[in-house]
Each structure stands twice: as C-alpha cells, then as structure tokens.
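These notes concern the structure reproduced below.
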There are 2 protein chains.
Amino acid sequence: MVDKNQELRDKGLRLTPQRQLVLQAVRELGHATPEEVAEKVRSTHPGINLSTVYRNLETLENVGLVQHTHLGHGGATYHAAEELTHLHLVCGKCGSVGDAPIETAASFVNTLIDEYGFKTDVTHFAIYGTCENCTAKS
Amino acid sequence: MVDKNQELRDKGLRLTPQRQLVLQAVRELGHATPEEVAEKVRSTHPGINLSTVYRNLETLENVGLVQHTHLGHGGATYHAAEELTHLHLVCGKCGSVGDAPIETAASFVNTLIDEYGFKTDVTHFAIYGTCENCTAKS
DNA sequence: CTTTTTTCTGCAAGTAGTTTGCAACTCGCA
DNA sequence: TGCGAGTTGCAAACTACTTGCAGAAAAAAG
Ligand SMILES: [Mn+2]
Ligand SMILES: [Mn+2]
Ligand SMILES: [Zn+2]
Ligand SMILES: [Zn+2]
C-alpha cells in the first residue's frame, strides 16, 4: 500500500481518501460517467461530493492516470489510462458499445499522419454507426 | 422558389418562415451550433426563438435535410446533408478543425464491416488528435 | 373565400450535466 | 506540533437543451 500511495504522490498530488477512492472506482468500473463514479464511491463512503469527483477526475486526467472518452451525445466517460487499448463501436440504433482492438485503425491512423500530419487518438471519440444486430433487423 | 417550397412540403413539413430560415442558415454556415444558427437567423429576423431553432433542426434532421456531428466536447454542430462528405480532424490542443475526404477512411470502414458487421458513419464523430502545427510546437 | 383541422411558434419554466466561489478542513512538511 | 498550500463540501451559478401550454398560422376541407 505504500506503493499505491506513491503512485499519486509521485505525480505531485496529495493523497486524500477521496482521490484514492475516485481512482479506484474508475479502475474497477471500466467506462464510467462522473455520476457513476460518484455512486460507486458513495457505496462505501457516502459523504463524498459530486464536485469533488469532477475535480479529481480532472486532476487525475491531468497527471495521466485516467482519460475520458465520448461514447455518445451525452457526457464523457472515464477509463483508467492503462486500459485504453480498444476502440469503442457505438451503435446509434440500440446504444450498444462494442470493442475492437486499436490496431484495427492502424493503417487509417498512418494515412492521416502521412497525408495531413495529423496524429489521431482513436479512442477519444467513439466510432459511431450501426451494429450487426440492428443492421439485420432493418 | 416554388421548387424550394416543394423541398420541404415533399417531406410532409409545413412551410413556415422559421423553418426555411433555419435550413437556409445551416446551408450557409457549414458547421454551426444551434446557437449559431439562431444568431444567423436573427440577424435578419430577430423574433425567432431558440427553441424553435432546436425543434426545426431536429425536424429537418428527421427528414434527412440536415445532419449533426460532434466536433468537440460540447454540443453538436449541424451541416446540410449534401455537404457531409468529409471527415473532421479536430485538434485537441488548438481546437482547429481540418477536413479530409471520407475515402481516407474507406478501408478502415470496410474492415469494421467485415470483422464486426459494424457499419460506421465516420462523419458523426470527429477524428480527434493533434494537428501538424501543434505537433511541431511541442 | 371561410371554416376547420393540424402543425408550429413563442414564452416561461424545467432538467441534466458540469463548474465555481468560498469558508472550513487536512495533508505533507518544517 | 504547527503552518501553508492543496483539497473538500456546500450552495449557487451556468450551459445546453427540453417541455408544457396557449395562441398563431399553415394547409385541408367545405
Ligand atoms: Mn450524435
Ligand atoms: Mn473530450
Ligand atoms: Zn445496434
Ligand atoms: Zn492544433
């Protein structure tokens, strides 16, 4: 546990219970909205304020421990940084979120670098479309 | 101008001045947020309400005359449907929005269909990353 | 035309998600 | 142990968008 404390301290952050809980919640939840993170944290520590969750998500993102992604029209969802190794395939019809390895986009990403000098982060926005199921139904 | 009227009537919509103005504004503006559309419309017709703009954008989208795209963390932006022929390359550092032809993504899109049965709409969300300029500066 | 039906508009209020100011607190360090 | 900067809770503010409703105005019917 000294190690785990170090992880945050090494980034120049104070080790508050709230901060540790937010980070832990993000790691356990996979994709989670700030609201969901708050709910998770509160299941064991009821007093924690939603604005504290927002502020910590931002802080943790600034030091690179978490990252946000946009899966839909609404708010962002948060991931532990280590975990961001897949694309999100969001179906506009049914709302399902599928995964695909980032390598799927590798040559597309390379083309954008070569032709536009543009370095894509394919995980930041979802890949939007229609899933197999919904295509079949229509 | 009878033609232009038909365009909306053919879709089963009433021809109100507000609706025509919203459509015209979207066509003239390229990417525009609902707020920007409202501003444009009001420059010639001050009384028009923001909720009327929202409702008309939705209606026009339902009949396929306009479409929305997510360029950033905030709200959606609207395009005339005919015009949606390019990807948006959004730079997270400077906020610039570059364009690239949709064909750039063609083989990526095909891979997703083949391997996941997922039909991508590459224009719905922006392609997020870092532009050439910002990469150079850092 | 005029009447009737139906859709649409403006307005005001409401909601969802997120941010901010501030006083009190507490973590890390001397 | 005590200090100061960083952090928290709380309330209020804010942004983007939606909704209910009553009156206005298109289009359809007569
Ligand atoms: Mn959308
Ligand atoms: Mn973002
Ligand atoms: Zn689906
Ligand atoms: Zn840039």
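Both backbone and side-chain heavy atoms feed into the values below; hydrogens, waters and symmetry mates do not. The sequence lines fix the lettering, A, B, ..., with proteins before strands; numbering per chain opens at 1.
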Quick one: which of [options] gets closest to the side chain of [X]?
{"X": "B:Pro34", "options": "D:dC17, C:dC27, C:dT9", "result": "D:dC17"}
{"X": "A:Arg14", "options": "C:dC27, D:dT8, D:dT18", "result": "C:dC27"}
{"X": "A:Ile48", "options": "D:dT7, C:dC8, D:dG9", "result": "D:dG9"}
{"X": "B:Asn56", "options": "D:dC10, C:dT9, C:dG10", "result": "C:dT9"}

Figure out the [atom1]/[atom2] separation between [X] and [N], and round it to whole Å.
{"X": "B:Glu61", "N": "D:dC17", "atom1": "CD", "atom2": "C1'", "result": "14 Å"}
{"X": "B:Leu57", "N": "C:dC8", "atom1": "CG", "atom2": "P", "result": "14 Å"}
{"X": "A:Leu8", "N": "D:dG6", "atom1": "CG", "atom2": "C1'", "result": "14 Å"}
{"X": "B:Glu58", "N": "D:dC17", "atom1": "CD", "atom2": "P", "result": "12 Å"}
{"X": "A:Asn49", "N": "D:dA11", "atom1": "CG", "atom2": "P", "result": "9 Å"}
{"X": "B:His68", "N": "D:dA16", "atom1": "NE2", "atom2": "P", "result": "16 Å"}
{"X": "A:Leu21", "N": "C:dC27", "atom1": "CG", "atom2": "P", "result": "12 Å"}
{"X": "A:Arg9", "N": "C:dC27", "atom1": "CZ", "atom2": "P", "result": "11 Å"}

Self-check item: Single-linkage hydrophobic cluster, 4.5 Å side-chain cutoff, A:Val97 and A:Ile127 together
Solution: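 Different clusters.
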Exercise. Considering just the side-chain nitrogens and oxygens of B:Ser51, establish if one lies under 4.0 Å of OP1 or OP2 belonging to C:dG10.
Key: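 It does not, given that no N or O in the side chain of B:Ser51 lies less than 4.0 Å from OP1 or OP2 of C:dG10.
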Quiz item: Is there a side-chain polar atom (N or O) of B:Gln18 under 4.0 Å from OP1 or OP2 of D:dA25?
Solution: no
Quiz item: Under 3.5 Å, is there an N or O donor on one side and an acceptor on the other linking the side chain of B:Arg55 and the base of C:dT9?
Solution: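 Check fails, no donor-acceptor contact within cut-off.
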Practice problem: Using modelled atom types only, decide if a donor and an acceptor are shared between the side chain of A:Glu36 and the backbone of A:Thr33 within a distance under 3.5 Å. | Solution: yes
Quiz item: Does A:Thr104 reach the main-chain N or O of A:Ala100 with its side chain, forming a donor-acceptor pair under 3.5 Å?
Solution: no
Under 4.0 Å, heavy atoms only, any strand: does [X] hit a base, just the sugar-phosphate, or nothing?
{"X": "B:Thr59", "result": "nothing"}
{"X": "B:Ala76", "result": "sugar-phosphate"}
{"X": "B:Gly74", "result": "nothing"}
{"X": "B:Thr33", "result": "nothing"}

Practice problem: Select from B:Tyr54 and B:Thr16 the residue whose nearest nucleotide in DNA chain D is closer to the 5' end of that strand. | Solution: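 The residue whose closest nucleotide sits nearer the 5' end is B:Tyr54.
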Quiz item: Would you call the rings of B:Phe125 and A:Tyr128 parallel, tilted or perpendicular, where under 30° means parallel and over 60° means perpendicular?
Solution: perpendicular
Quiz item: Applying the ring pair (Phe, Tyr, Trp, His ring centres under 6.0 Å) test to A:His124, which of A:His79, A:His88, A:His70 qualifies?
Solution: A:His70
